[in-house]
Engineer: 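Here it is: the structure, laid out below.
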Amino acid sequence: MDEYNIKTVEEGLTKIQFPEFDKISSEAPVFYNPHMELNRDISILALQTFQKQENQDINICDLFGGSGIRGVRYKNEINGVDHVFINDISETANEYERHNVKLNNLEDIEIFQHDASMFLRMHRGKFDVIDIDPFGTPSPFLDSAGYCSRRNSLLCVTATDTSALCGTYKEPCIRKYNAKPYKSEYCHETGIRILAGFVALTLAKYSKSIEVKLSHSTEHYMRLYIEVKKGSKKSDECLKNIGYISHCKHCLYREQNKGLATSTPDICPECGEKLIQAGPLWLGDIQNAEFISKMIEESENKKLNTKEDVLKLLESCRIEAKSPATFYDVHKICKILKISAPKLDLVFENLEKEGFEAVKTHFNPLGIKTNAPLKKIKEIIKTLSSSN
């Protein structure tokens with residue numbers, strides 16, 4: 001440790017130390033990303049909510065330990081944690097993980113140095129929570145997570161390869177997630193759904209099903225909190241949520257079709273142009289209002305540096321629960337209609353007046369999640385724009 005300049009940071013109730021580095025990359029001697037503090041704060045609330053739901057002590061696996069910040073915080077700040085298992089293939093990382101465990105006077109944290117997939121396969125059924133937070137794609141580790149996951153456990157998955165999931169680079173998404181993306185105005189939601197669909201299809205091989213408790217796309221990453229259930233019948237039922245989104249880039253029409261091998265329309269019924277397909281992906285719920293509400297309540301019991309941002313994001317996700325897949329970007333619609341954009345609040349107000357549901361989305365500040373047909377949305381926007 002003497003060969004490095006040591007930096008000390010505090011998150012929540014936890015203090016950690018690690019070598020200073022010039023920029024955030026996998027080349028840093030010990031990995032620590034300050035921009036992921038929001039992610040870690042949300043994780044504290046999600047894992048505490050899950051622990052209370054299960055009403056028992058839980059064992060947690062932090063698969064990519066780095067500096068140890070995540071695993072150490074879990075043991076230090078979550079009630080009802082039995083053991084935390086921190087794994088990292090780097091010997092230097094292991095050294096700092098042990099140092100940070102001692103720095104916080106903690107016990108019942110074990111440090112391991114293994115390949116991530118091998119570590120999971122060596123500890124089948126041992127963890128109530130598996131947290132996969134790699135530098136890049138989680139794809140190579142999900143098979144082992146499916147093999148390792150126990151009944152009624154929580155699987156937390158981060159993906160930082162958003163350019164693939166959002167469709168900027170199509171081939172890597174096909175290669176890593178076995179799905180075709182499309183870069184639309186709702187591409188971050190599509191990315192979350194591709195990731196969730198890939199998790200569901202991977203776990204189904206092990207007769208396990210998923211229930212998404214919370215998902216969010218923030219800055220450079222996507223994050224899923226998934227409850228894992230066991231049983232072939234549940235898995236078969238779960239896979240009925242796999243399907244495709246068909247999108248028209250000319251008029252912005254879109255539709256969803258469930259089924260892994262379902263037929264998808266080629267021609268847009270609104271304007272006759274060719275439709276673009278994205279999938280297979282998850283068309284089930286990606287937010288659970290009850291779970292998120294309990295997380296919001298739990299925030300009163302925790303010290304979180306990013307609390308204001310956490311609550312803003314969680315409230316947005318809670319409101320989005322049960323709303324339809326995809327959303328409409330008002331400015332994108334106005335661009336196609338070649339009219340000026342009306343005030344967003346007026347669009348919401350008029351949709352609700354006509355009996356439709358309409359909520360904002362954390363994916364896009366200009367987005368509207370609604371059960372109104374596209375024709376009705378365009379009609380309202382045109383009326384509001386002309387009255388302006």
Side-chain angles (χ1 to χ4, degrees), residues 38 42 162 165-168 181-193 214-223 245-256 268 270-271 276 278 283 285-289 292-293 295-296 306-388:
L38 176 78
I42 291 171
T162 53
L165 286 162
C166 290
T168 303
Y182 176 62
K183 192 170 175 61
S184 66
E185 59 272 26
Y186 51 88
C187 63
H188 287 86
E189 180 177 346
T190 306
I192 286 268
R193 292 184 179 279
L214 168 68
S215 68
H216 64 97
S217 176
T218 306
E219 294 179 358
H220 63 287
Y221 69 90
M222 296 175 184
R223 178 78 163 166
I245 293 173
S246 304
H247 178 89
C248 177
K249 65 180 180 182
H250 294 275
C251 73
L252 304 184
Y253 171 84
R254 75 287 305 265
E255 67 175 74
Q256 299 93 46
C268 175
E270 298 281 331
C271 70
I276 300 157
L283 290 172
D285 292 337
I286 57 172
Q287 313 290 2
N288 182 297
I292 297 169
S293 294
M295 286 177 65
I296 292 169
T306 68
K307 189 172 182 178
E308 192 176 323
D309 292 332
V310 166
L311 290 177
K312 185 179 176 184
L313 176 59
L314 289 179
E315 184 57 28
S316 183
C317 292
R318 188 190 66 78
I319 290 167
E320 286 178 54
K322 295 296 179 187
S323 58
T326 82
F327 59 86
Y328 297 94
D329 183 319
V330 171
H331 282 201
K332 185 89 173 176
I333 292 174
C334 291
K335 189 177 178 182
I336 281 179
L337 295 174
K338 296 179 179 175
I339 58 175
S340 59
K343 286 184 178 177
L344 194 61
D345 289 346
L346 290 175
V347 181
F348 280 102
E349 196 178 296
N350 278 266
L351 282 167
E352 287 165 358
K353 269 184 193 173
E354 301 229 13
F356 297 106
E357 294 171 15
V359 297
K360 292 184 178 181
T361 172
H362 84 277
F363 291 111
N364 185 329
L366 299 172
I368 298 178
K369 276 187 166 286
T370 179
N371 58 351
L374 179 59
K375 279 183 179 177
K376 175 56 68 177
I377 300 167
K378 286 181 175 177
E379 180 188 306
I380 287 170
I381 288 173
K382 278 180 185 174
T383 303
L384 289 170
S385 185
S386 61
S387 65
N388 279 349

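Side chains are part of it too, since the values below use all heavy atoms of this structure and drop only hydrogens, waters and symmetry mates.
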Engineer: With a 4.5 Å heavy-atom cut-off, do Leu214 and Leu314 have their side chains touching?
Structural biologist: yes
Engineer: Answer yes or no: is there a side-chain heavy-atom contact under 4.5 Å between Ile245 and Tyr186?
Structural biologist: yes
Engineer: Any idea which heavy atoms bring Cys271 and Cys268 closest together, and the distance?
Structural biologist: N-SG, 3.4 Å
Engineer: Please identify each residue that fulfils salt bridge (Lys or Arg N to Asp or Glu O under 4.0 Å) with Glu354, with sequence neighbours left out.
Structural biologist: Lys376
Engineer: Does any part of the side chain of Glu189, heavy atoms only, come nearer than 4.5 Å to the side chain of Asn364, both counted from C-beta?
Structural biologist: no
Engineer: Identify the heavy atoms of Gly367 and Phe348 that sit nearest to each other, and give their distance.
Structural biologist: O-CZ, 3.9 Å
Engineer: Answer yes or no: is there a donor N or O on one side and an acceptor on the other, between the side chain of Thr162 and the main chain of Tyr221, under 3.5 Å?
Structural biologist: no
Engineer: Before accepting this row, confirm whether a basic side-chain N of the pair Glu379/Lys375 lies closer than 4.0 Å to the acidic partner's carboxylate O.
Structural biologist: no
Engineer: Enter the distance from Cys317:SG to Ile292:CD1 here, rounded to the nearest 0.5 Å.
Structural biologist: 5.5 Å
Engineer: Step by step, would you call Val347 with Ile368 a side chain to side chain contact (heavy atoms under 4.5 Å, CB included)?
Structural biologist: CA-CA 9 Å; Val347 181; Ile368 298 178; 3.5 Å; yes
Engineer: Between Ile42 and Thr218, is any pair of side-chain heavy atoms under 4.5 Å apart?
Structural biologist: no
Engineer: For Ser184 and Lys249: C-alpha separation, side-chain torsions, deciding distance, then whether side chain to side chain contact (heavy atoms under 4.5 Å, CB included) applies.
Structural biologist: CA-CA 8 Å; Ser184 66; Lys249 65 180 180 182; over 6 Å; no
Engineer: Where the side chain of Arg254 meets the backbone of Phe327, is there a donor-acceptor pair that is under 3.5 Å apart?
Structural biologist: yes
Engineer: Calculate, to the nearest 0.5 Å, the distance between atoms OG and NE2 belonging to Ser215 and His188 respectively.
Structural biologist: 13.0 Å
Engineer: Is the number of heavy atoms from other residues, nucleotides or ligands under 6.0 Å of Lys307 NZ greater than 12?
Structural biologist: yes
Engineer: Contact between Ser385 and Cys334 at the side-chain level, heavy atoms closer than 4.5 Å - yes or no?
Structural biologist: no
Engineer: Just how far is it from atom CG of Leu344 to atom CG of Leu384, taken to the nearest 0.5 Å?
Structural biologist: 10.5 Å
Engineer: Please check if the side chain of Glu185 supplies one atom and the backbone of Tyr328 the other of a donor-acceptor pair under 3.5 Å.
Structural biologist: no
Engineer: Any chance you could measure Ile333, atom CD1, to Leu374, atom CG, to the nearest 0.5 Å?
Structural biologist: 6.0 Å
Engineer: Step by step, would you call Thr326 with Gln256 a side chain to side chain contact (heavy atoms under 4.5 Å, CB included)?
Structural biologist: CA-CA 9 Å; Thr326 82; Gln256 299 93 46; 4.0 Å; yes
Engineer: Thinking salt bridges, do Lys378 and Glu270 make one under a 4.0 Å N-O criterion?
Structural biologist: no
Engineer: Can you see which heavy atom on Lys382 is nearest to which on Ile339, and at what distance?
Structural biologist: CA-CD1, 4.0 Å
Engineer: What donor-acceptor contacts under 3.5 angstrom involve side-chain atoms of residues 355-363, with partners at least two apart or in another chain?
Structural biologist:
{"residue": "Thr361", "atom": "OG1", "partner": "Glu320", "partner atom": "OE1", "Å": "3.2"}
{"residue": "Thr361", "atom": "OG1", "partner": "Glu320", "partner atom": "OE2", "Å": "3.4"}
{"residue": "Thr361", "atom": "OG1", "partner": "Phe363", "partner atom": "N", "Å": "3.1"}
{"residue": "His362", "atom": "ND1", "partner": "Glu320", "partner atom": "OE2", "Å": "2.9"}
{"residue": "His362", "atom": "NE2", "partner": "Ser217", "partner atom": "N", "Å": "3.0"}

Engineer: Can you tell me how far NE2 of His216 sits from CG of Leu38, rounded to the nearest 0.5 angstrom?
Structural biologist: 6.5 Å
Engineer: If we only count heavy atoms from C-beta on, is the Pro342 to Ile381 side-chain gap below 4.5 Å?
Structural biologist: yes
Engineer: Between the side chains of Lys343 and Glu349, is the shortest nitrogen-to-carboxylate-oxygen separation below 4.0 Å, so that they form an ion pair?
Structural biologist: no
Engineer: So, taking the atom named OG1 in Thr370 and the one named CG in Leu351, what distance separates them when rounded to the nearest 0.5 Å?
Structural biologist: 5.0 Å
